[in-house]
Number of protein chains: 2
Amino acid sequence: MMFSKACEYGIRAAVYITLQSLEGRRVSVTEIAEEIDSPVAFTAKILQQLTKNNIVHSVKGPTGGFEIDRKDMDDVKLNMIVKAIDGDKIYVGCGLGLKECNANKPCPLHDKFVDIRTNLRTMLQSTSLYELATGLEVGLTYLKR
Amino acid sequence: MMFSKACEYGIRAAVYITLQSLEGRRVSVTEIAEEIDSPVAFTAKILQQLTKNNIVHSVKGPTGGFEIDRKDMDDVKLNMIVKAIDGDKIYVGCGLGLKECNANKPCPLHDKFVDIRTNLRTMLQSTSLYELATGLEVGLTYLKR
DNA sequence: TATTAATCGGACAAAATTGTCCTTTATTGG
DNA sequence: CCAATAAAGGACAATTTTGTCCGATTAATA
(Lines give C-alpha, C1' and ligand atoms only; values in the text may rest on other atoms or scores of the structure.)
Protein backbone atom coordinates (compact mmCIF):
# COMPACT_ATOMS: atom_id res chain seq x y z
CA MET A 1 0.00 0.00 0.00
CA MET A 2 3.05 2.17 0.33
CA PHE A 3 5.76 -0.01 -1.12
CA SER A 4 5.56 -2.26 -4.13
CA LYS A 5 5.17 -5.98 -3.56
CA ALA A 6 8.77 -6.38 -4.69
CA CYS A 7 9.87 -3.95 -2.04
CA GLU A 8 7.87 -5.67 0.67
CA TYR A 9 9.48 -8.99 -0.18
CA GLY A 10 12.86 -7.29 -0.36
CA ILE A 11 12.61 -5.86 3.13
CA ARG A 12 11.26 -9.07 4.59
CA ALA A 13 14.01 -11.07 2.91
CA ALA A 14 16.72 -8.71 4.11
CA VAL A 15 15.42 -8.84 7.66
CA TYR A 16 15.32 -12.63 7.59
CA ILE A 17 18.85 -12.83 6.21
CA THR A 18 19.98 -10.47 8.95
CA LEU A 19 18.36 -12.61 11.59
CA GLN A 20 20.08 -15.74 10.31
CA SER A 21 23.41 -14.02 9.78
CA LEU A 22 23.33 -13.09 13.45
CA GLU A 23 23.39 -16.83 14.13
CA GLY A 24 26.17 -17.27 11.60
CA ARG A 25 23.91 -19.05 9.13
CA ARG A 26 23.97 -18.43 5.39
CA VAL A 27 20.56 -18.96 3.79
CA SER A 28 19.29 -20.03 0.37
CA VAL A 29 16.51 -18.37 -1.66
CA THR A 30 14.36 -21.43 -1.10
CA GLU A 31 14.62 -21.10 2.64
CA ILE A 32 14.10 -17.36 2.57
CA ALA A 33 10.99 -17.59 0.41
CA GLU A 34 9.60 -20.24 2.67
CA GLU A 35 10.26 -18.28 5.82
CA ILE A 36 8.93 -14.97 4.61
CA ASP A 37 6.09 -16.60 2.65
CA SER A 38 6.92 -15.23 -0.79
CA PRO A 39 7.17 -16.61 -4.36
CA VAL A 40 10.61 -18.23 -4.70
CA ALA A 41 11.58 -17.18 -8.20
CA PHE A 42 10.37 -13.66 -7.73
CA THR A 43 12.21 -13.39 -4.45
CA ALA A 44 15.36 -14.57 -6.22
CA LYS A 45 15.02 -11.70 -8.67
CA ILE A 46 14.68 -9.20 -5.89
CA LEU A 47 17.66 -10.62 -4.05
CA GLN A 48 19.71 -10.11 -7.19
CA GLN A 49 18.96 -6.41 -6.96
CA LEU A 50 19.86 -6.31 -3.31
CA THR A 51 23.21 -7.99 -3.98
CA LYS A 52 23.99 -5.62 -6.84
CA ASN A 53 23.34 -2.75 -4.48
CA ASN A 54 25.61 -4.28 -1.85
CA ILE A 55 22.80 -4.59 0.63
CA VAL A 56 23.17 -8.31 1.04
CA HIS A 57 26.12 -10.49 0.12
CA SER A 58 25.69 -13.62 -2.00
CA VAL A 59 27.83 -16.71 -2.40
CA LYS A 60 27.39 -19.17 -5.26
CA GLY A 61 27.75 -22.92 -5.18
CA PRO A 62 27.22 -25.50 -2.45
CA THR A 63 27.08 -24.05 1.06
CA GLY A 64 26.40 -20.79 -0.74
CA GLY A 65 23.48 -18.46 -0.16
CA PHE A 66 22.84 -15.01 1.22
CA GLU A 67 24.30 -13.30 4.25
CA ILE A 68 24.87 -9.84 5.67
CA ASP A 69 28.01 -8.62 7.39
CA ARG A 70 27.60 -7.63 11.00
CA LYS A 71 28.69 -4.09 10.15
CA ASP A 72 26.14 -3.77 7.34
CA MET A 73 23.32 -4.74 9.65
CA ASP A 74 23.81 -1.37 11.30
CA ASP A 75 24.75 0.56 8.19
CA VAL A 76 21.95 -0.62 5.93
CA LYS A 77 18.85 1.44 6.60
CA LEU A 78 15.46 0.71 5.12
CA ASN A 79 15.60 3.66 2.78
CA MET A 80 18.51 1.99 0.98
CA ILE A 81 16.43 -1.09 0.29
CA VAL A 82 13.45 0.95 -0.83
CA LYS A 83 15.64 3.01 -3.10
CA ALA A 84 17.29 -0.08 -4.57
CA ILE A 85 13.93 -1.62 -5.48
CA ASP A 86 11.35 1.12 -5.89
CA GLY A 87 13.66 3.99 -6.70
CA ASP A 88 13.18 7.31 -5.02
CA LYS A 89 9.61 7.88 -6.13
CA ILE A 90 8.49 7.73 -2.52
CA TYR A 91 10.50 10.82 -1.67
CA VAL A 92 10.40 12.67 -4.94
CA GLY A 93 7.23 13.40 -6.81
CA CYS A 94 3.95 15.07 -6.01
CA GLY A 95 1.23 13.35 -4.00
CA LEU A 96 -1.27 14.32 -6.67
CA GLY A 97 0.99 13.28 -9.51
CA LEU A 98 1.94 16.70 -10.85
CA LYS A 99 5.22 16.92 -12.71
CA GLU A 100 6.10 20.28 -11.29
CA CYS A 101 5.15 20.62 -7.66
CA ASN A 102 7.33 22.35 -5.11
CA ALA A 103 7.24 25.12 -2.53
CA ASN A 104 7.17 27.69 -5.32
CA LYS A 105 4.36 26.12 -7.27
CA PRO A 106 2.69 23.69 -4.87
CA CYS A 107 -0.28 21.44 -5.56
CA PRO A 108 -3.22 21.90 -3.18
CA LEU A 109 -1.95 19.06 -1.02
CA HIS A 110 1.72 19.92 -1.10
CA ASP A 111 2.14 21.29 2.42
CA LYS A 112 0.09 18.56 4.04
CA PHE A 113 2.16 15.98 2.24
CA VAL A 114 5.60 17.22 3.10
CA ASP A 115 4.95 16.49 6.76
CA ILE A 116 3.86 12.95 6.18
CA ARG A 117 6.58 12.26 3.73
CA THR A 118 9.23 13.71 5.99
CA ASN A 119 8.06 11.41 8.75
CA LEU A 120 8.26 8.46 6.42
CA ARG A 121 11.68 9.38 5.12
CA THR A 122 13.03 9.96 8.59
CA MET A 123 11.71 6.62 9.72
CA LEU A 124 13.21 4.78 6.75
CA GLN A 125 16.54 6.55 7.10
CA SER A 126 16.88 5.76 10.75
CA THR A 127 15.74 2.15 10.83
CA SER A 128 18.50 -0.41 10.42
CA LEU A 129 18.24 -4.07 9.56
CA TYR A 130 19.78 -4.92 12.89
CA GLU A 131 17.09 -3.07 14.75
CA LEU A 132 14.37 -4.96 12.91
CA ALA A 133 16.04 -8.32 13.25
CA THR A 134 16.51 -8.06 17.00
CA GLY A 135 12.79 -7.59 17.53
CA LEU A 136 12.30 -10.85 15.67
CA GLU A 137 15.01 -12.57 17.61
CA VAL A 138 13.41 -11.75 20.91
CA GLY A 139 10.08 -12.98 19.57
CA LEU A 140 8.47 -9.58 19.74
CA THR A 141 7.74 -9.38 16.03
CA TYR A 142 6.99 -11.75 13.15
CA LEU A 143 7.79 -12.06 9.46
CA LYS A 144 5.36 -14.69 8.28
CA ARG A 145 1.58 -14.62 7.88
CA MET B 1 3.57 7.07 -4.93
CA MET B 2 0.99 6.80 -2.25
CA PHE B 3 -2.25 6.83 -4.23
CA SER B 4 -2.98 5.09 -7.50
CA LYS B 5 -2.96 7.15 -10.67
CA ALA B 6 -6.74 6.81 -10.74
CA CYS B 7 -6.93 8.29 -7.27
CA GLU B 8 -4.62 11.16 -8.14
CA TYR B 9 -6.77 12.06 -11.11
CA GLY B 10 -9.88 11.65 -8.98
CA ILE B 11 -8.72 14.11 -6.36
CA ARG B 12 -7.49 16.60 -8.93
CA ALA B 13 -10.78 16.36 -10.81
CA ALA B 14 -12.85 16.79 -7.67
CA VAL B 15 -10.86 19.83 -6.63
CA TYR B 16 -11.25 21.37 -10.06
CA ILE B 17 -14.99 20.74 -10.08
CA THR B 18 -15.21 22.31 -6.64
CA LEU B 19 -13.35 25.37 -7.83
CA GLN B 20 -15.67 25.80 -10.80
CA SER B 21 -18.80 25.06 -8.79
CA LEU B 22 -17.82 27.91 -6.50
CA GLU B 23 -18.20 30.14 -9.56
CA GLY B 24 -21.50 28.48 -10.43
CA ARG B 25 -20.04 26.70 -13.46
CA ARG B 26 -20.84 23.13 -14.39
CA VAL B 27 -17.93 21.45 -16.19
CA SER B 28 -17.55 18.69 -18.78
CA VAL B 29 -15.08 15.79 -18.66
CA THR B 30 -13.28 17.29 -21.62
CA GLU B 31 -12.69 20.52 -19.77
CA ILE B 32 -11.73 18.77 -16.56
CA ALA B 33 -9.22 16.50 -18.27
CA GLU B 34 -7.71 19.47 -20.01
CA GLU B 35 -7.43 21.53 -16.87
CA ILE B 36 -5.98 18.84 -14.66
CA ASP B 37 -3.86 17.40 -17.47
CA SER B 38 -5.22 13.85 -17.44
CA PRO B 39 -6.40 11.31 -20.06
CA VAL B 40 -10.02 12.16 -20.95
CA ALA B 41 -11.58 8.71 -21.21
CA PHE B 42 -9.85 7.45 -18.10
CA THR B 43 -10.90 10.52 -16.19
CA ALA B 44 -14.48 9.90 -17.31
CA LYS B 45 -14.33 6.43 -15.77
CA ILE B 46 -13.09 7.79 -12.50
CA LEU B 47 -15.76 10.47 -12.44
CA GLN B 48 -18.36 7.74 -12.81
CA GLN B 49 -17.10 6.24 -9.59
CA LEU B 50 -17.16 9.56 -7.83
CA THR B 51 -20.72 10.12 -9.03
CA LYS B 52 -21.85 6.71 -7.83
CA ASN B 53 -20.36 7.47 -4.45
CA ASN B 54 -22.19 10.80 -4.30
CA ILE B 55 -18.98 12.74 -4.15
CA VAL B 56 -19.72 14.76 -7.25
CA HIS B 57 -23.06 15.30 -8.97
CA SER B 58 -23.48 14.71 -12.70
CA VAL B 59 -26.04 15.97 -15.19
CA LYS B 60 -26.50 14.38 -18.59
CA GLY B 61 -27.34 16.05 -21.85
CA PRO B 62 -26.55 19.50 -23.23
CA THR B 63 -25.49 22.03 -20.61
CA GLY B 64 -24.75 18.98 -18.49
CA GLY B 65 -21.52 18.12 -16.74
CA PHE B 66 -20.19 17.78 -13.23
CA GLU B 67 -20.75 19.93 -10.20
CA ILE B 68 -20.56 19.79 -6.41
CA ASP B 69 -23.10 21.22 -4.01
CA ARG B 70 -21.81 23.96 -1.76
CA LYS B 71 -22.58 21.83 1.28
CA ASP B 72 -20.68 18.84 -0.09
CA MET B 73 -17.57 20.92 -0.58
CA ASP B 74 -17.26 21.00 3.19
CA ASP B 75 -18.59 17.53 3.85
CA VAL B 76 -16.50 15.63 1.34
CA LYS B 77 -13.11 14.90 2.81
CA LEU B 78 -10.23 13.42 0.88
CA ASN B 79 -10.49 10.09 2.61
CA MET B 80 -13.90 9.60 0.99
CA ILE B 81 -12.43 10.03 -2.46
CA VAL B 82 -9.52 7.76 -1.71
CA LYS B 83 -11.87 5.14 -0.33
CA ALA B 84 -14.17 5.39 -3.34
CA ILE B 85 -11.31 4.78 -5.76
CA ASP B 86 -8.53 2.88 -4.00
CA GLY B 87 -10.61 1.24 -1.30
CA ASP B 88 -9.27 1.21 2.22
CA LYS B 89 -5.99 -0.50 1.51
CA ILE B 90 -4.14 2.63 2.61
CA TYR B 91 -5.48 2.27 6.11
CA VAL B 92 -5.80 -1.46 6.41
CA GLY B 93 -3.01 -3.88 5.69
CA CYS B 94 0.54 -4.34 6.81
CA GLY B 95 3.34 -2.16 5.53
CA LEU B 96 5.37 -5.27 4.77
CA GLY B 97 2.43 -7.07 3.19
CA LEU B 98 1.73 -9.62 5.91
CA LYS B 99 -1.80 -10.96 6.04
CA GLU B 100 -1.90 -11.03 9.79
CA CYS B 101 -0.19 -8.06 11.35
CA ASN B 102 -1.53 -6.26 14.38
CA ALA B 103 -0.53 -5.17 17.84
CA ASN B 104 -0.69 -8.80 19.00
CA LYS B 105 1.43 -10.19 16.24
CA PRO B 106 3.21 -7.23 14.68
CA CYS B 107 5.61 -7.23 11.78
CA PRO B 108 9.00 -5.67 12.52
CA LEU B 109 7.83 -2.37 11.12
CA HIS B 110 4.37 -2.34 12.62
CA ASP B 111 4.86 0.27 15.33
CA LYS B 112 6.78 2.63 13.14
CA PHE B 113 4.07 2.41 10.55
CA VAL B 114 1.07 3.08 12.71
CA ASP B 115 2.37 6.55 13.42
CA ILE B 116 2.84 7.45 9.80
CA ARG B 117 -0.43 5.94 8.77
CA THR B 118 -2.31 7.68 11.54
CA ASN B 119 -0.90 10.98 10.36
CA LEU B 120 -1.97 10.22 6.83
CA ARG B 121 -5.45 9.15 7.84
CA THR B 122 -5.94 12.18 10.03
CA MET B 123 -4.86 14.46 7.24
CA LEU B 124 -7.18 12.82 4.71
CA GLN B 125 -10.10 12.81 7.11
CA SER B 126 -9.75 16.47 7.95
CA THR B 127 -9.10 17.93 4.52
CA SER B 128 -12.19 19.06 2.62
CA LEU B 129 -12.57 19.83 -1.04
CA TYR B 130 -13.48 23.38 -0.15
CA GLU B 131 -10.24 23.88 1.69
CA LEU B 132 -8.22 22.66 -1.28
CA ALA B 133 -10.21 24.66 -3.80
CA THR B 134 -9.83 27.96 -1.99
CA GLY B 135 -6.06 27.72 -2.11
CA LEU B 136 -6.38 27.37 -5.87
CA GLU B 137 -8.81 30.25 -6.09
CA VAL B 138 -6.46 32.61 -4.36
CA GLY B 139 -3.67 31.50 -6.67
CA LEU B 140 -1.65 29.93 -3.89
CA THR B 141 -1.71 26.44 -5.34
CA TYR B 142 -1.88 24.81 -8.75
CA LEU B 143 -3.48 21.76 -10.36
CA LYS B 144 -1.71 21.49 -13.68
CA ARG B 145 1.85 20.54 -14.54
C1' DT C 1 -40.04 16.11 -32.71
C1' DA C 2 -35.31 16.05 -34.40
C1' DT C 3 -30.79 17.37 -33.37
C1' DT C 4 -27.23 17.86 -30.53
C1' DA C 5 -24.42 17.61 -26.44
C1' DA C 6 -23.39 15.48 -22.54
C1' DT C 7 -22.66 11.31 -19.18
C1' DC C 8 -22.99 6.04 -18.67
C1' DG C 9 -21.48 1.56 -19.47
C1' DG C 10 -19.23 -2.22 -21.50
C1' DA C 11 -15.67 -4.20 -24.27
C1' DC C 12 -11.28 -3.84 -25.59
C1' DA C 13 -5.95 -2.45 -25.69
C1' DA C 14 -1.53 -1.12 -23.72
C1' DA C 15 1.65 -0.89 -20.18
C1' DA C 16 3.49 -1.99 -15.79
C1' DT C 17 3.95 -5.11 -12.16
C1' DT C 18 4.15 -9.56 -10.47
C1' DG C 19 5.47 -14.04 -11.10
C1' DT C 20 7.57 -18.52 -13.51
C1' DC C 21 10.95 -21.38 -15.89
C1' DC C 22 15.09 -22.73 -17.71
C1' DT C 23 19.90 -22.23 -18.91
C1' DT C 24 24.42 -20.53 -17.51
C1' DT C 25 27.99 -19.66 -14.17
C1' DA C 26 30.50 -20.18 -10.00
C1' DT C 27 31.97 -23.01 -6.10
C1' DT C 28 32.36 -26.85 -3.03
C1' DG C 29 33.66 -31.46 -1.71
C1' DG C 30 34.69 -36.07 -2.97
C1' DC D 1 38.40 -33.66 -12.52
C1' DC D 2 33.47 -34.57 -11.56
C1' DA D 3 29.06 -34.24 -9.54
C1' DA D 4 26.14 -31.66 -7.00
C1' DT D 5 24.44 -27.20 -5.35
C1' DA D 6 23.45 -22.56 -5.28
C1' DA D 7 23.00 -17.83 -7.31
C1' DA D 8 22.74 -15.07 -11.90
C1' DG D 9 20.39 -13.92 -15.81
C1' DG D 10 17.28 -13.95 -19.61
C1' DA D 11 12.97 -15.13 -21.76
C1' DC D 12 8.43 -15.72 -21.06
C1' DA D 13 3.50 -15.71 -18.73
C1' DA D 14 -0.20 -13.92 -15.79
C1' DT D 15 -2.32 -10.28 -13.52
C1' DT D 16 -3.36 -5.64 -12.42
C1' DT D 17 -3.50 -1.01 -13.56
C1' DT D 18 -3.97 2.37 -16.83
C1' DG D 19 -5.97 3.87 -20.75
C1' DT D 20 -9.10 3.91 -25.26
C1' DC D 21 -13.27 3.43 -28.10
C1' DC D 22 -17.85 3.25 -29.14
C1' DG D 23 -22.75 2.56 -28.69
C1' DA D 24 -26.61 3.56 -25.42
C1' DT D 25 -28.97 6.77 -22.61
C1' DT D 26 -30.53 11.26 -21.08
C1' DA D 27 -31.85 15.93 -21.52
C1' DA D 28 -31.94 20.68 -23.62
C1' DT D 29 -33.35 23.51 -27.35
C1' DA D 30 -34.54 24.95 -31.81
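The figures that follow rest on heavy atoms only: side chains count, while hydrogens, waters and symmetry mates do not. Just so it is clear: chains get the letters A, B, ... in the order the sequence lines come, proteins before strands, and each one is counted from 1. Here the structure is a predicted model, which is why all the values come from computation and not from measurement.
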Are any of the side-chain nitrogens in B:Arg12 or B:Asp37 under 4.0 Å away from the carboxylate oxygens of its partner?
-> no
Contact class for B:Thr30 vs. all strands (heavy atom < 4.0 Å): base, sugar-phosphate, or nothing?
-> nothing
Do A:Arg25 and A:Glu31 sit within salt-bridge range, that is, some charged N less than 4.0 Å from a carboxylate O?
-> yes
Could you go through the side-chain hydrogen bond (donor to acceptor under 3.5 Å, both in side chains) check for A:Glu100 and B:Tyr142 one step at a time?
-> CA-CA 10 Å; A:Glu100 188 191 334; B:Tyr142 303 82; over 6 Å; no
Heavy-atom donor-acceptor pair, B:Lys45 side-chain to C:dG10 base, under 3.5 Å | yes
Can you check the B:Phe42 CZ to C:dC12 P distance for me, whole Å?
-> 19 Å
Between atom CD1 in B:Ile85 and atom P in D:dG19, what is the gap in whole Å?
-> 13 Å
Could you please name the option among C:dG9, C:dT18, C:dC21 that lies closest to any side-chain atom of B:Lys52?
-> C:dG9
Pick base, sugar-phosphate or nothing for A:Val27, based on heavy-atom distances below 4.0 Å to the nucleic acid.
-> sugar-phosphate
Could you give the CZ-to-C1' distance, from B:Arg26 to C:dA5, as a whole number of Å?
-> 13 Å
Can a salt bridge be assigned to the pair B:Lys77 and B:Glu131 using a cut-off of 4.0 Å between side-chain N and carboxylate O?
-> no
With respect to the phosphate group of D:dA8, does any side-chain polar atom (N or O) of A:Thr51 fall under 4.0 Å of OP1 or OP2?
-> yes
May I ask you to evaluate whether B:Tyr9 reaches the phosphate of D:dG19, defined as a side-chain N or O under 4.0 Å from OP1 or OP2?
-> yes
note: B:Ile32, atom CD1; C:dA6, atom P; distance rounded to Å ~ 12 Å
For B:Gln48 and D:dC21, what is the distance between atoms CD and C1' respectively, to the nearest whole Å?
-> 13 Å
Quickly work out the A:Lys60 NZ to C:dT23 P distance and round it to whole Å.
-> 16 Å
D:dT20, D:dT18, C:dT17: which one has an atom nearest the side-chain heavy atoms of A:Lys89?
-> C:dT17
Whole-Å distance separating the CG atom of B:Leu47 from the P atom of C:dG9 | 13 Å
Which is it for A:Ser4 and A:Asp86 under the side-chain hydrogen bond (donor to acceptor under 3.5 Å, both in side chains) test, yes or no, and what are the steps along the way?
-> CA-CA 7 Å; A:Ser4 69; A:Asp86 282 351; 2.6 Å; yes
Gap between atoms CD and C1', on A:Glu67 and D:dA6 respectively (whole Å) | 13 Å
Result for 5'-nearest mapping on DNA chain C, choosing between B:Val29 and A:Thr63, is B:Val29
When you match B:Asp86 and B:Pro62 each to their closest nucleotide on DNA chain D, which lands nearer the 5' end?
-> B:Asp86
Please figure out whether A:Gly61 or B:Ala44 has its closest DNA chain C nucleotide nearer the 5' end.
-> B:Ala44
